[in-house]
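Reading through the structure tokens given below for one structure.
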2 protein chains.
Amino acid sequence: MLMEEKTNITEAEWEVMRVVWSLHQATSKEISGVLQTKKNWKEATVKTLIGRLVKKGMLNAKPDGKRYLYTATINETDSVNAVTNGLFDFICNKERGKTIANMISEATLSHDDIKLLEQTLAEKKKEAVDEVECNCAPGQCKCNSHRHGHHH
Amino acid sequence: MLMEEKTNITEAEWEVMRVVWSLHQATSKEISGVLQTKKNWKEATVKTLIGRLVKKGMLNAKPDGKRYLYTATINETDSVNAVTNGLFDFICNKERGKTIANMISEATLSHDDIKLLEQTLAEKKKEAVDEVECNCAPGQCKCNSHRHGHHH
DNA sequence: TTTTTTCGTTTACATATGTAAACTTAACTC
DNA sequence: GAGTTAAGTTTACATATGTAAACGAAAAAA
């Protein structure tokens with residue numbers, strides 16, 4: 001359901017996006033207020049970031065008198081998922097399970113979260129495979145080291 | 001178990017690290033070979049990346065005649081976990097469960113992976129909380145929007 | 001021992017990013 | 001209507017990153 005477009009948002013820009021996602025619609029002033037408090041950024045800094053986000057098409061600027069009302073053109077959940085899934089481009093497919101397991105153990109989860117994960121996992125179980133295919137370039141993962149031999 | 005040190009490895013550098021992790025020990029030539037194939041990078045490019053990684057202390061260069069044998073000073077699994085967990089600095093704690101659920105549904109998992117995740121989850125279940133605390137700065141997450149009121 | 005090859009080190013350079021100040025213009029205040 | 005605000009737009013500038021070519025020294029080859 002999520003589009004795989006290159007969501008190129010930098011860390012600093014992400015801070016701005018979060019404010020907009022949170023407020024649904026925000027003025028530069030409001031965004032600056034939040035980030036002045038959280039990051040101690042000057043108004044000018046936030047203005048620059050907003051400008052870049054508008055240029056990148058991540059924020060929409062609706063005129064409202066002399067100023068603009070900013071809204072996000074991308075959904076927060078989708079963006080988060082895009083980023084998290086993008087992460088796996090840098091990891092061997094075989095490692096995903098362990099990596100996700102680590103995230104689970106590191107996280108604080110609610111009973112509801114557990115329930116959701118259990119369901120998701122149960123669902124996934126149906127289509128589990130015997131062995132995940134390594135997707136690494138040869139030489140970038142141990143799987144490729146011993147190719148046409150016996151597996152350990 | 002993972003140290004939270006600023007593992008500042010860029011995307012390009014990460015490619016190099018993967019080769020070294022894979023080979024355990026590698027020469028510049030070997031690394032170049034892999035990345036010449038995968039990324040079409042010139043030897044000079046790889047040399048630059050190696051140099052930067054050595055300077056950053058992520059690679060160790062052991063002299064071997066006129067050249068060096070490079071080894072990683074950081075463990076791959078730890079690095080992967082550091083990166084993935086670092087991701088959550090940009091997301092509300094309340095969203096972790098859903099985000100992880102999404103990763104699970106997006107991934108291809110083996111029966112063993114499922115088993116591992118089930119265990120991890122079961123373990124986590126013991127310390128599940130009723131409600132995860134929002135950790136966002138005020139104004140960066142809906143949780144903070146309606147503070148001293150009733151929750152929806 | 002010249003020549004050539006092989007490594008690593010320096011230098012290069014464009015674009016990206018973090019952080020802002022300066023500038024411009026329209027709106028509000030006196 | 002002139003001065004002060006409040007917004008957005010331009011310009012600035014250092015450091016980071018992606019990508020390499022140029023350079024220098026040591027090792028291997030001729």
Side-chain angles (χ1 to χ4, degrees), chain A residues 5-20 23 25-71 83 86 89-90 137 140, chain B residues 5-20 23 25-71 83 86 89-90 137 140:
Chain A
E5 10 76 16
K6 271 276 130 222
T7 306
N8 254 353
I9 301 177
T10 71
E11 273 187 40
E13 289 165 359
W14 187 266
E15 296 287 348
V16 173
M17 292 305 293
R18 287 185 74 179
V19 179
V20 179
L23 305 181
Q25 181 177 66
T27 62
S28 147
K29 167 74 58 173
E30 292 173 312
I31 301 172
S32 295
V34 173
L35 297 176
Q36 152 63 217
T37 301
K38 179 182 183 187
K39 311 284 293 187
N40 207 44
W41 284 342
K42 298 289 182 303
E43 247 188 331
T45 301
V46 177
K47 285 178 186 176
T48 299
L49 295 173
I50 290 174
R52 288 179 184 167
L53 283 167
V54 170
K55 183 181 303 177
K56 287 183 182 180
M58 315 309 286
L59 284 184
N60 180 274
K62 182 172 66 162
D64 174 55
K66 82 185 266 190
R67 64 188 184 175
Y68 290 118
L69 292 180
Y70 300 99
T71 49
V83 173
D89 292 345
F90 304 106
Q140 274 199 319
Chain B
E5 10 75 15
K6 271 275 129 221
T7 306
N8 255 353
I9 302 178
T10 72
E11 273 186 39
E13 289 164 1
W14 188 265
E15 297 286 349
V16 173
M17 292 305 293
R18 288 185 73 180
V19 179
V20 178
L23 305 180
Q25 180 176 67
T27 61
S28 148
K29 167 74 60 173
E30 293 173 312
I31 300 172
S32 295
V34 173
L35 296 176
Q36 151 64 216
T37 301
K38 179 181 183 187
K39 310 285 292 186
N40 208 44
W41 284 342
K42 299 288 182 305
E43 248 189 326
T45 301
V46 177
K47 285 178 185 176
T48 299
L49 295 173
I50 291 175
R52 289 178 184 168
L53 283 167
V54 170
K55 183 181 302 176
K56 288 183 181 179
M58 315 309 285
L59 284 184
N60 180 274
K62 182 172 68 163
D64 174 55
K66 83 183 269 191
R67 63 187 184 173
Y68 290 119
L69 292 180
Y70 300 99
T71 49
V83 173
D89 291 346
F90 304 106
Q140 274 199 319

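Side-chain atoms are counted along with the backbone in the values below, which use heavy atoms only and exclude waters and symmetry mates. Chain letters run A, B, ... following the sequence lines, proteins first, then strands; residues in each count from 1.
The distance from atom NZ of Lys29(A) to atom CD of Glu43(A), rounded to the nearest 0.5 Å, is 4.5 Å.
Of the possible donor and acceptor atoms, none in the side chain of Lys62(B) sits under 3.5 Å from a partner among the backbone N and O of Thr71(B). One N or O on the side chain of Lys56(B) and one on the backbone of Asn8(B) form a donor-acceptor pair closer than 3.5 Å.
Lys38(B) has a carboxylate O that lies under 4.0 Å from a charged side-chain N of Glu15(B), or vice versa, which qualifies the two as a salt bridge.
Distance from the side chain of Thr48(A) is smallest to dA20(C) among dG8(C), dG8(D), dA20(C). Of the candidates dA20(C), dA21(D), dC7(C), the closest approach to any side-chain atom of Lys47(B) belongs to dC7(C). Comparing dT19(D), dT5(C), dA20(C) by their nearest atom to the side chain of Arg52(B) picks out dT19(D). Which of dA20(C), dG18(C), dC7(C) sits closest to the side chain of Ala12(A) comes down to dG18(C). The listed nucleotides are dT9(C), dT9(D), dA20(D); the one nearest the side chain of Trp41(B) is dA20(D). Relative to the side chain of Thr45(B), the nucleotides dC7(C), dA20(C), dA20(D) differ in distance, and dA20(D) lies closest. Ranking dG8(C), dT17(D), dT19(C) by closeness to the Leu49(A) side chain, first place goes to dT19(C).
Between the NZ atom of Lys29(B) and the P atom of dT5(C) there is a distance of 12 Å, rounded to whole Å. Taking atom CG of residue Asn8(A) and atom C1' of nucleotide dA16(C), one finds them 10 Å apart after rounding to whole Å. In this structure, Ile9(A) places its CD1 atom 16 Å from P of dA16(C), rounding to the nearest Å. Per the geometry, CG belonging to Leu53(B) stands 14 Å off C1' belonging to dA16(D), to the nearest Å. In this structure, the NZ atom of Lys42(B) is 15 Å from the C1' atom of dA22(D), given to the nearest Å. The distance from atom NZ of Lys62(B) to atom P of dG8(C) is 14 Å, rounded to the nearest whole Å. Between Glu13(B) atom CD and dA16(C) atom C1' the separation is 15 Å, expressed in whole Å. The separation between Ile50(A) atom CD1 and dT19(C) atom C1' is 14 Å, rounded to whole Å.
Phosphate proximity of dG8(D) to Tyr70(A): present, with a side-chain N or O under 4.0 Å from OP1 or OP2. Remark: Thr10(A) is in phosphate contact with dG18(C), judged by side-chain N or O atoms under 4.0 Å from OP1 or OP2.
Test Leu23(A), Val54(A), Val19(A) against Tyr70(A) for side chain to side chain contact (heavy atoms under 4.5 Å, CB included) and you get one pass: Val54(A).
Between Lys39(A) and Val34(A), the closest side-chain pair of non-hydrogen atoms is not below 4.5 Å.
Both Tyr68(B) and Ala44(A) lie near DNA chain C, and the one whose nearest nucleotide falls closer to the 5' end is Tyr68(B).
Looking at Lys66(B), its side chain comes within 3.5 Å of the base of dT6(C) through a donor and an acceptor atom.
If you check every strand for non-hydrogen atoms under 4.0 Å, Ser28(B) touches sugar and phosphate atoms only. Contacts of Lys56(B) with the nucleic acid, taken as non-hydrogen atoms under 4.0 Å apart, involve only primed sugar atoms and P, OP1 or OP2.
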